[in-house]
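Because the structure is predicted, anything quoted here is derived from the model rather than measured.
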Amino acid sequence: MKKSSLEQELSSSTPMNVDVDQPKGFHDPLLSCLLLITKLENTPCSETSLIAGLPLVDEKLTPELFVRASKRAGLNAKVVEKPLNNIPDIVLPATLILKRNRAVILLSYDLEQGKAQILESKTGIEKVVALDALAQAYAGYAIYTRPAYHLDDDVASEVHSINSNKDHWFWSVMRSSWRIYRDVLLSAFFISIFAVATPLFVMNVYDRVVPNNAIETLWVLAIGVLIVYVFDAILKGLRGYFIEVAGKKSDILLSSFLFERVLGSRYSERPASVGAFTSQFKEFDTVRNFYTTSTIAAFVDMPFVIVFIVLIFYIGGLLAVVPFISLLLILGYGLMMRGSIQHAVEQTFASGAQKNATLVESMVGLETVKTLGAEGAVQRLWEQSVGHLSHWSQKMRMYTLSVNIFSGTVQQVANVVIVILGVYLISEREMTMGALIASVMLTSRALAPIAQVAGLLVTYDQTKTALEALNSLVEKTQERDPKKPFIKRPSFSGSIQFKNVTFAYPGEEYNVLNDVAFAINPGERVGLIGRIGSGKSTIHKLILGLYKPDSGSILIDGIDSQQIDPADLRRHIGYMPQEVTLFAGSVKSNIMYGSPHVEDEDILRASELSGVKEFVDHHPLGFDRAVGERGQALSGGQRQSVGMARAMLHDVPMYLYDEPTSGMDNTTETIVTGRLAQAVKGKTLILVTHKASLLAMVDRLIVLDSGKIIADGAKGPVLEALQKGQLRVS
Ligand code: ATP
Ligand code: MG
């Protein structure tokens, strides 16, 4: 009865226009709640900026993603499992997760009156409902949100470490599993203690059982040692399991963090070589191996060598000197080789990246390689990098081998020396037979982890090098800095202004744009023309915020574009690049790439405008036709149409077209241009073109030459001046 009343209340309310631009019929309850919370906390954000780049599940936020998204609004969120009436007042407003994938915001509640004040996620309407009914619908989980500066230091530093680089990203994630690693350490301690059981057992059998024929004692000792073995096995299993659990947790956290950083970094900071970059990124596996496998167990075992040596001292007295000296010798040799190993590891790493770079670049450009007959040159490049790689990995293996041989020999010699010393001690009656045997066994056990020192040195250096490489990825400047919130822009009218913009591509000396200034009003249609390499496409990229001007500023709707969330900005620009990149998938999935909510009618409209419809209609699979990797199964002109359809998909205030019809035949071009001109009526348009026929679409012309504006004005006069040769073009 009570349940249905809340159900009714939640479903009966008429939708009100909240500032949530989700498409009709689509509702993401958690996202709506987060948007409402950001308003309540006075940090209003746009939907796009909250979810840009997040791996939505079924296009919706999950509780975990809610936590990530809220960081963008300067909020810290925490998912808690709590009965409704245990939620403290101080955390309100909080998001309640309801059954059947719904959510509401709890504003306040009164236990005595049995009432709760909530905000509906779908409509944003404030309501008072019966607490019982709410509790019935409640799924048991709530999400608390707090402005980040309210946090106590501990949590704040954790948030900080993920968002910035102040606290190291890797170690802070590892630290989050410190309890598990503490247990691992504890179990390692016990495992070491247990390892003493066998030598002690043997010693007692030799010294007490055999001389007295004490069969009962033998059995007591045997049962004792067997029990120890059982515990030992359990502990080893647990230790392995703990390491795996901690590893899995860190693995998921770290790899998603890394990829988010890579995708979220500024475009201008993108890696110069994709191949080298992927190999660098893959090195994450090395890092992962370090903390997920038994390597870490070996590291943990190291300190317990001392425990064994102390024990040998207790049993065999002076004999302990032998393993101690062996330990120093092996460590000394390992440290001596350390520099060489480190160098070899770094070289292997670099040549691995080079090899991958060659592979990726030649595969991507295979067609060109073949048509230019450059197979030989590529083969040579490949062989060079493979040669370099194998040279250094061989060196690395040889160094490792030498450490292994050294430590193996030292161990063997140590055993012999112990036996020799032991015989002297026994003859002097300072030691028993059993003690000697136990000492030999303990020495082997003590030196066992040390024998792995070579492997550990290599792993350590590999991990260190890989971490450094990953560090450089993490340190890349991010587009979205949580400490510098963007100005919220739900909509744009479409004015674009360049104020004395000077720009050089990162790492380049010369300025591609020099003191460029123009102002385009909303709805103005401008043609941007100029010779090749004059900086036309660069202007588009600057407007899209892919690069930042070195000096001057770019204003969109009068606001410096650097203060606008790039996701918001790009969502309001229909951009068609000079070279369209498609992704493996269907024509349809390519058109709606990045816009999963788009309605079929919009896809159809965009396809008609761009000429996509004509060519998919001729194919049996229609829109489901596969385009191949990077769109290779389509013709150049077809790829361009798909690119245009992408740009036309949304009704946006600004359009940037870069040579939209360069790959099209005259008929298609005429049809498409006519439709395009209709579609962009009343919108701001910056059209880059080399074709005079396209200029029919624009009213104003800006002529660019070597990064400078040499003419800007109404189309007619500018064209006239160009024809008369009045404009000096370098
Ligand atoms: P086109 O008509 O050939 O498309 P454009 O006017 O669009 O030419 P831009 O692509 O803006 O020319 O390039 C302007 C200049 O910037 C060129 O000299 C080019 O070499 C340089 N340039 C372009 N992209 C980069 C880049 N990613 N890194 C370095 N320099 C670049
Ligand atoms: Mg260009």
Side-chain angles (χ1 to χ4, degrees), residues 174 177-204 224-225 227-247 289-335 338 403-404 406-408 410-415 417-418 435-460 463:
M174 295 296 279
S177 304
W178 72 271
R179 281 191 187 83
I180 302 184
Y181 287 116
R182 179 198 60 195
D183 294 347
V184 168
L185 210 69
L186 208 65
S187 57
F189 176 72
F190 281 109
I191 290 170
S192 299
I193 301 278
F194 290 164
V196 173
T198 318
L200 289 187
F201 172 70
V202 175
M203 182 172 94
N204 280 301
V225 88
I227 292 177
V228 168
Y229 287 168
V230 170
F231 279 111
D232 185 55
I234 295 175
L235 268 187
K236 278 183 179 151
L238 279 178
R239 177 174 68 169
Y241 175 73
F242 283 152
I243 292 178
E244 285 297 328
V245 169
N289 280 342
F290 176 73
Y291 60 79
T292 53
T293 59
S294 47
T295 321
I296 201 149
F299 265 107
V300 165
D301 275 344
M302 282 284 192
F304 296 108
V305 171
I306 301 298
V307 176
F308 288 108
I309 293 180
V310 169
L311 202 75
I312 297 171
F313 179 71
Y314 179 72
I315 295 172
L318 267 184
L319 286 189
V321 175
V322 179
F324 187 68
I325 290 178
S326 313
L327 171 76
L328 292 185
L329 280 178
I330 297 175
L331 282 185
Y333 187 73
L335 288 180
R338 171 90 216 279
V403 179
N404 278 340
F406 184 80
S407 66
V410 168
Q411 280 183 69
Q412 280 166 329
V413 172
N415 278 337
V417 172
I418 283 213
L436 174 59
I437 293 175
S439 299
V440 171
M441 290 173 86
L442 281 173
T443 303
S444 306
R445 180 63 185 78
L447 296 180
I450 303 294
Q452 295 182 40
V453 72
L456 290 184
L457 277 178
V458 172
T459 317
Y460 174 77
T463 310

How far apart are the closest heavy atoms of P199 and A438, and which atoms are they? O-CB, 3.6 Å
Charged N-O contact under 4.0 Å between R179 and D183: no
Any V307 side-chain heavy atom under 4.5 Å of L311 side chain: no
May I ask you to test the N415-V322 pair for a side-chain heavy-atom distance under 4.5 Å? no
Do you know the tightest heavy-atom contact between G247 and Y181? N-OH, 4.3 Å
Measuring from S407:OG to Q412:CD, what's the distance to the nearest 0.5 Å? 10.0 Å
Specify the closest pair of heavy atoms between A414 and L447, including all atoms of both residues, with the distance to one decimal. CB-CD1, 4.3 Å
Can you measure from OG1 (T198) to CG (L442) and round to the nearest 0.5 angstrom? 9.0 Å
Search all heavy atoms of G316 against all heavy atoms of S439 and return the closest pair with its distance. CA-OG, 4.0 Å
Flag yes if more than 12 heavy atoms outside F194 fall under 6.0 Å of its CZ atom; otherwise flag no. yes
Is the ring pair F406/Y333 parallel, tilted or perpendicular, if the boundaries are 30 and 60 degrees? parallel
Roughly how far, to the nearest 0.5 Å, is the CG atom of L235 from the CZ atom of F242? 9.0 Å
Is L318 atom CG crowded by more than 12 heavy atoms from other residues, nucleotides or ligands, each under 6.0 Å away? no
Can you check side-chain contact (heavy atoms from CB on, under 4.5 Å) on R338 and Y460, steps first, answer last? CA-CA 10 Å; R338 171 90 216 279; Y460 174 77; 3.8 Å; yes
Taking all heavy atoms of I315 and all of A435, pick out the closest pair and write down the distance. CG2-CB, 3.7 Å
Just verifying a value: how many Å separate I309 CD1 and F304 CZ, rounded to the nearest 0.5 Å? 14.0 Å
Are D232 and F190 side-chain neighbours, meaning at least one heavy-atom pair lies under 4.5 Å? no
Take atom OH of Y314 as the centre, draw a 6.0 Å sphere, and report whether it contains more than 12 heavy atoms from other residues, nucleotides or ligands. no
Which value, rounded to the nearest 0.5 Å, describes the distance between R445 atom CZ and T443 atom OG1? 12.0 Å
For F308 against S192, the heavy-atom pair lying closest together: CZ-O, 3.5 Å
CZ-CG distance between F313 and L319, expressed to the nearest 0.5 angstrom: 10.5 Å
